[in-house]
Novice: 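Questions regarding the structure given below will be posed in turn.
A, B, ... follow the sequence lines: proteins, then strands. Residue 1 opens every chain.
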There are 2 protein chains.
Amino acid sequence: MHIDRAATAGQSFNRDPQAKFTVAKPPHPNTPLTEHLAYLLAQANREINRQLETRLSTEGVPVEQWRILKVLSDGEGHSMGDLADAVLLNHPTLTKMIDRMVSDSLVYRRQDAHDRRKVLMFISDHGKALCKRLNSLAASQEAHILENYGDKATGELKRLLENLIDAAS
Amino acid sequence: MHIDRAATAGQSFNRDPQAKFTVAKPPHPNTPLTEHLAYLLAQANREINRQLETRLSTEGVPVEQWRILKVLSDGEGHSMGDLADAVLLNHPTLTKMIDRMVSDSLVYRRQDAHDRRKVLMFISDHGKALCKRLNSLAASQEAHILENYGDKATGELKRLLENLIDAAS
DNA sequence: TCGAAAATGTTGAATGTTCAAGAATTGGGA
DNA sequence: TCCCAATTCTTGAACATTCAACATTTTCGA
């Protein structure tokens, strides 16, 4: 490891020249990290995702694969593009994850008869059985959250998140 | 690409044997993906993070580096462990990201005099200047959210997220 | 005081993701 | 009709992250 011997450490006292006489509400308030919405979302997501990951690891399956199985478990064929949007993965990442799932016989590919550029994904019986077990694990996590966090707060949080997603996209 | 010729597609009609006569509230409800808290959090986080990323890309800096600079901008030395917790990164990931930031002269390492296992991180003047510009970009994003999403909803959402993080960890 | 266990940070190999480019197909205007 | 642009998905190289193992230092009990 390399540790610098010396470095500039001068404290600069340059007031913002735009501030002039106003005191309240500086133009670029130095908000603490923990008050930024983006940070709170990242933190909450990390924690909840970690818990879910721990549960699903019983079956040795990453969260994204559970999402994929869940989307496909309607029995319909879903194109790679639609699937990528639904499970929040980039296209190349999805392609490679699907490759693994095909190896594990959880899903299979079919070419779309109407548009041969498209590939339709389907869930196998093996995948369905696994998905059912995973749903159970995920449901128990949600139940656990409801206990600690409360029914009302959870519902309200979900509602606000849905609105944010609508407003932001 | 390899597409399967044929695959098992039999629809299995196995009712849950535990269900018997109850009809409402099956034991493991097949909740749609979009109603899971974990999914909503992932979706919202992805969207907001993407927006922030876009803004910060003006300066060619990833979100995580902004967080690091922000934490260090109190001028105090922060150990790698504390920093990793604060900016939501694993230790090895942080080590390598800090390596890059040291190359860019944004931060520097010092050994802790009181506990020589520890490495303390400091921000450089160059890093401070960059951080100030990044704060500006981030603030403008928050302002943009407040416009579209509303002051009240944002405050309420932040409050609920803070509570969730407390309850979940 | 000594030594084993815990704490802290880094490294290298394995793994996963992303970016840019490519192949195949479709659609639509000249 | 024909051709070029747009769409859809995959691939390979560059890049980043993670896991396990390691080195160093501290802590704490015998």
Side-chain angles (χ1 to χ4, degrees), chain A residues 1-4 42 45-46 49-50 52-54 56-57 60-68 71-72 76-104 107-122, chain B residues 1-4 42 45-46 49-50 52-54 56-57 60-68 71-72 77-104 106-122:
Chain A
M1 183 193 58
H2 177 71
I3 298 189
D4 294 348
N45 180 51
R46 182 181 158 96
N49 204 60
R50 225 207 288 269
L52 182 55
E53 195 173 56
T54 302
L56 299 190
S57 70
V61 173
V63 175
E64 290 79 10
Q65 291 199 10
W66 169 59
R67 291 202 198 121
I68 292 171
V71 170
L72 295 186
E76 308 286 322
H78 294 258
S79 77
M80 291 293 281
D82 291 350
L83 198 50
D85 290 345
V87 304
L88 315 178
L89 288 178
N90 301 336
H91 287 214
T93 304
L94 177 65
T95 292
K96 286 153 191 173
M97 181 157 282
I98 288 288
D99 285 347
R100 286 168 234 146
M101 295 177 76
V102 169
S103 300
D104 295 343
V107 299
Y108 55 93
R109 288 184 233 247
R110 283 296 161 75
Q111 207 163 40
D112 187 331
H114 302 306
D115 184 341
R116 279 149 55 215
R117 289 170 302 183
K118 292 188 182 177
V119 172
L120 298 182
M121 297 305 312
F122 294 89
Chain B
M1 184 194 52
H2 178 68
I3 297 189
D4 294 348
N45 179 50
R46 183 180 157 94
N49 204 60
R50 225 207 289 270
L52 183 55
E53 198 172 53
T54 302
L56 299 190
S57 71
V61 173
V63 176
E64 290 79 10
Q65 290 198 11
W66 171 58
R67 292 202 197 118
I68 292 171
V71 170
L72 295 186
H78 294 259
S79 76
M80 291 295 281
D82 291 350
L83 198 50
D85 290 345
V87 303
L88 315 177
L89 288 178
N90 301 335
H91 287 214
T93 305
L94 178 65
T95 291
K96 285 153 192 174
M97 179 157 283
I98 288 288
D99 285 347
R100 286 169 234 146
M101 295 176 76
V102 169
S103 299
D104 295 342
L106 297 172
V107 299
Y108 56 93
R109 288 184 233 248
R110 283 296 160 76
Q111 206 164 41
D112 187 332
H114 302 306
D115 184 342
R116 276 148 55 216
R117 289 170 303 183
K118 291 189 182 175
V119 171
L120 297 183
M121 298 304 313
F122 294 88

Novice: Give, for atom OG1 of Thr54(A) and atom CG of Asn49(A), the distance between the pair rounded to the nearest 0.5 Å.
Specialist: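 Reported to 0.5 Å precision, the distance equals 9.5 Å.
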
Novice: Atom CG of Leu89(A) and atom C1' of dC9(D): how far apart are they, to the nearest Å?
Specialist: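 Those two atoms, CG and C1', are 15 Å apart.
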
Novice: Tell me the closest heavy-atom pair linking Val87(A) and Arg67(A), and the distance in Å.
Specialist: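 Nearest pair, atom of Val87(A) first, then Arg67(A): O-NH1, 3.3 Å.
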
Novice: With the side chain counted from C-beta on, respond yes when His91(A) and Met80(A) share a heavy-atom pair under 4.5 Å apart, and no when they do not.
Specialist: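 Counting from C-beta outward, His91(A) and Met80(A) never come under 4.5 Å.
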
Novice: Under 4.0 Å from OP1 or OP2 of dT8(D): is there any side-chain N or O of Ser79(A) that close?
Specialist: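 Answer is no, no contact under 4.0 Å.
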
Novice: Using whole Å, report how far CD of Glu64(A) lies from P of dT15(C).
Specialist: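 My rounded result for the distance is 18 Å.
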
Novice: Can you check the Met121(B) CE to dG9(C) C1' distance for me, whole Å?
Specialist: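 Computing the Met121(B):CE to dG9(C):C1' distance gives 12 Å.
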
Novice: What integer distance in Å separates Met97(B):CE from dT11(C):P?
Specialist: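 Those two atoms, CE and P, are 16 Å apart.
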
Novice: Between atom CZ in Arg50(B) and atom C1' in dT18(C), what is the gap in whole Å?
Specialist: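 The distance from CZ of Arg50(B) to C1' of dT18(C) comes to 13 Å, rounded to the nearest Å.
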
Novice: Please give me the minimum heavy-atom distance between Trp66(B) and Leu56(B), naming the atom from each residue.
Specialist: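 Distance-wise, the nearest heavy atoms are CB-CD1, 3.8 Å.
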
Novice: Could you write out each protein N or O paired with an N or O of nucleotides 12-14 of chain D at a distance under 3.5 Å?
Specialist:
unit_1: dG12(D); atom_1: O6; unit_2: Lys96(A); atom_2: NZ; d: 2.8

Novice: Roughly, in whole Å, what's the span from NZ in Lys118(B) to P in dA6(C)?
Specialist: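 For the pair Lys118(B) NZ and dA6(C) P, the rounded distance is 18 Å.
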
Novice: Taking the side chain of Thr93(B) as its heavy atoms from C-beta onward, which of dT8(C), dT10(C), dT18(D) lies nearest to it?
Specialist: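 The answer is dT18(D), which lies nearest to the side chain.
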
Novice: Compare all side-chain heavy atoms of Lys118(A) with those of Gln111(A) and state whether any distance is below 4.5 angstrom.
Specialist: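 Lys118(A) vs Gln111(A): side chains apart.
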
Novice: Name the one of Leu94(B), Thr95(B), Leu83(B) that satisfies side chain to side chain contact (heavy atoms under 4.5 Å, CB included) with Leu89(B)?
Specialist: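 With Leu89(B) as partner, side chain to side chain contact (heavy atoms under 4.5 Å, CB included) holds for just one option, Leu94(B).
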
Novice: Tabulate protein N/O versus nucleotide N/O from nucleotides 1-4 of chain D, keeping only pairs under 3.5 Å, one per line.
Specialist:
none

Novice: So which atom in Leu88(B) and which in Arg46(A) form the shortest heavy-atom distance, rounded to 0.1 Å?
Specialist: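 Looks like O-NH1, 2.9 Å.
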
Novice: Given side chains that start at C-beta, do those of Asp112(A) and Val119(A) come closer than 4.5 Å, heavy atoms only?
Specialist: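 Side-chain contact under 4.5 Å: no.
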
Novice: Starting from C1' on dT8(D), measure out to CG on Asp112(A) and report it in whole angstrom.
Specialist: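 Computing the Asp112(A):CG to dT8(D):C1' distance gives 11 Å.
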
Novice: Among dA16(D), dT10(D), dT10(C), which nucleotide has an atom closest to any side-chain atom of His91(A)?
Specialist: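 Selected nucleotide (nearest to the side chain): dT10(D).
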
Novice: Mind listing the closest non-hydrogen atom pair of Ala86(A) and Val71(A) along with its distance?
Specialist: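 Minimum heavy-atom separation between Ala86(A) and Val71(A): CB-CG2, 4.1 Å.
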
Novice: Output one line per pair: protein atom, nucleotide atom from nucleotides 23-26 of chain C, and distance, for all N/O pairs under 3.5 Å.
Specialist:
unit_1: dT26(C); atom_1: OP1; unit_2: Arg116(A); atom_2: N; d: 3.1

Novice: Report the C-alpha distance between Leu72(A) and His78(A) in whole Å, list the side-chain angles of each, state the deciding distance to 0.1 Å, and finish with yes or no for side chain to side chain contact (heavy atoms under 4.5 Å, CB included).
Specialist: CA-CA 7 Å; Leu72(A) 295 186; His78(A) 294 258; 3.7 Å; yes

Novice: Kindly say if Arg109(A) contacts the phosphate of dT10(D), meaning a side-chain N or O under 4.0 Å from OP1 or OP2.
Specialist: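 Checking Arg109(A) against dT10(D): at least one side-chain N or O falls below 4.0 Å of OP1 or OP2.
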
Novice: Just verifying a value: how many Å separate Thr93(A) OG1 and Glu64(A) CD, rounded to the nearest 0.5 Å?
Specialist: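 Reported to 0.5 Å precision, the distance equals 9.5 Å.
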
Novice: Quick one: is dT17(C) close enough that its OP1 or OP2 comes under 4.0 Å of any side-chain N or O from Asn90(A)?
Specialist: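 Negative; the distance criterion is not met.
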
Novice: His78(B) NE2 to dG9(C) P: how many Å, rounded?
Specialist: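 Whole-Å distance recorded here is 13 Å.
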
Novice: So, the side chain of Arg110(B) versus the backbone of Gly77(B): is there a donor-acceptor pair under 3.5 Å, distance only?
Specialist: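 Answer holds: no.
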
